[in-house]
Amino acid sequence: MTTDASDAVEIRNALLRLRRGTGLPIAFGGLMEAGQRMRISELSGTATHALRSLAVTSGTGLGGKTVALSRPCVVTDYSASRQISHEYDAPVAVEGLRSVLAVPVVVRYRVRGVLYGALRTALPLGGRMLDVAVEAARDLERALVVRDEARTLAAETAAGACAGTGPGWEQVREAHTALRALAPRIADPELRAELLGACALLTAESAGGPSRVRLAPREVDVLACVAAGATNAVAAERLGVTPETVKGYLRSAMRKLRARTRGEAVVAARRAGWLP
């Protein structure tokens, strides 16, 4: 498994949260590759490139120990520590690191990566610093789960479209609703655009040409949830907004579609090509 551009963005965001929350001046990390090996791909606050692209094998060094045990590990003086092996002393010394913490990124019971925070002085790291670092890892875990789900949905949809087979209309509509709900939660604009592009593919056959009705993205999101049978409360939970916000978008969409009821709005949106 390699780190693509969108994953790199999420790792960098997690490293920034780690540094800001802990006050540690240095952070770095990366995701697992094949063969139980993690590669450090992202650096934040480092003075050199000594750690960039460093491959860390499970069980070796601090990060490898973290991968093997699937739990946070800390050393107060890296080069002198008897708690870890020392395969990576040279690049660590070039960067001048002393105190280092490492926390695993665990997705579906499998270690997907490691985040590190470090000092150039030998001081104890623990307590609140470790808690904040763990929370940064949890944030990254949640982001990776969302990305995995989005990629799976997009791949299944594209495969069905290319084969001319795939799921029936109800399943297509469920996939469309799920994709619309996931898109706003994706921080990377390129991946978000890909997801919305997949949504557009699902509605292309029913469009029959450009629609004169122009709906805002959130209005389409709400209508997709309504079409799937969601109440305002359920739609609000899926989309991460309040029920009142859902009502506002729904009223606006109904006005544009000249619909008097929720059901009429869904039918009109399908005729206009906004829903599958």
Side-chain angles (χ1 to χ4, degrees), residues 5-7 9-10 13-14 17 139-158 160-161 167-276:
S6 51
D7 288 335
V9 170
E10 299 294 354
N13 289 339
R17 287 193 293 272
D139 288 344
L140 179 55
E141 290 166 5
R142 288 187 283 268
L144 292 176
V145 167
V146 170
R147 301 181 74 78
D148 288 349
E149 290 176 352
R151 285 168 176 155
T152 299
L153 281 169
E156 290 175 351
T157 300
W169 271 112
E170 287 308 312
Q171 290 170 298
V172 168
R173 287 166 177 164
E174 288 176 7
H176 179 266
T177 300
L179 286 168
R180 296 284 325 185
L182 280 172
R185 297 158 59 190
I186 299 296
D188 179 18
E190 291 187 3
L191 181 57
R192 187 166 60 247
E194 287 181 23
L195 287 179
L196 294 176
C199 290
L201 287 174
L202 293 176
T203 62
E205 285 188 345
S206 62
S211 172
R212 294 181 180 179
V213 179
R214 308 313 302 170
L215 296 179
R218 273 309 203 186
E219 292 169 347
V220 179
D221 294 340
V222 168
L223 286 172
C225 290
V226 170
T231 63
N232 289 347
V234 171
E237 184 177 355
R238 288 182 182 174
L239 300 174
V241 298
T242 67
E244 287 302 316
T245 300
V246 169
K247 289 180 184 178
Y249 283 125
L250 184 55
R251 282 195 297 266
S252 176
M254 289 172 64
R255 184 173 62 254
K256 293 178 181 179
L257 293 165
R258 298 182 180 180
R260 293 171 295 177
T261 66
R262 297 157 64 94
E264 286 182 5
V266 169
V267 171
R270 284 176 176 158
R271 286 175 178 169
W274 289 104
L275 297 178

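The figures here come from the full heavy-atom set of this structure, side chains too, leaving out hydrogens, waters and symmetry mates.
What you find for A233 and P243 is that their closest heavy atoms are CA-CG, 4.4 Å.
Each of R251, R214, K256 was scored for a salt bridge (Lys or Arg N to Asp or Glu O under 4.0 Å) with E219, with one residue passing: K256.
Inter-residue side-chain proximity for R180 and P217 is flagged as met; some heavy-atom pair is nearer than 4.5 Å. You'll find the side chain of L215 reaches within 4.5 Å of the side chain of L223, heavy atoms only.
The side-chain contact (heavy atoms from CB on, under 4.5 Å) search around N232 returns V246, K247, L250, R262, not counting sequence neighbours. With sequence neighbours excluded, the residues forming a side-chain contact (heavy atoms from CB on, under 4.5 Å) with R142 are E135, R138, D139, listed by chain and number. In this structure V234 satisfies the side-chain contact (heavy atoms from CB on, under 4.5 Å) test together with A230, T231, R238, sequence neighbours excluded.
Checking side-chain atoms of W274 against main-chain N and O of V213 turns up a donor-acceptor pair under 3.5 Å.
Distance check, rounded to the nearest 0.5 Å: CD of E264 to CZ of R258 gives 13.0 Å.
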- Task: Given side-chain contact (heavy atoms from CB on, under 4.5 Å), test R218 with T245 step by step and report yes or no.
- Result: CA-CA 10 Å; R218 273 309 203 186; T245 300; over 6 Å; no
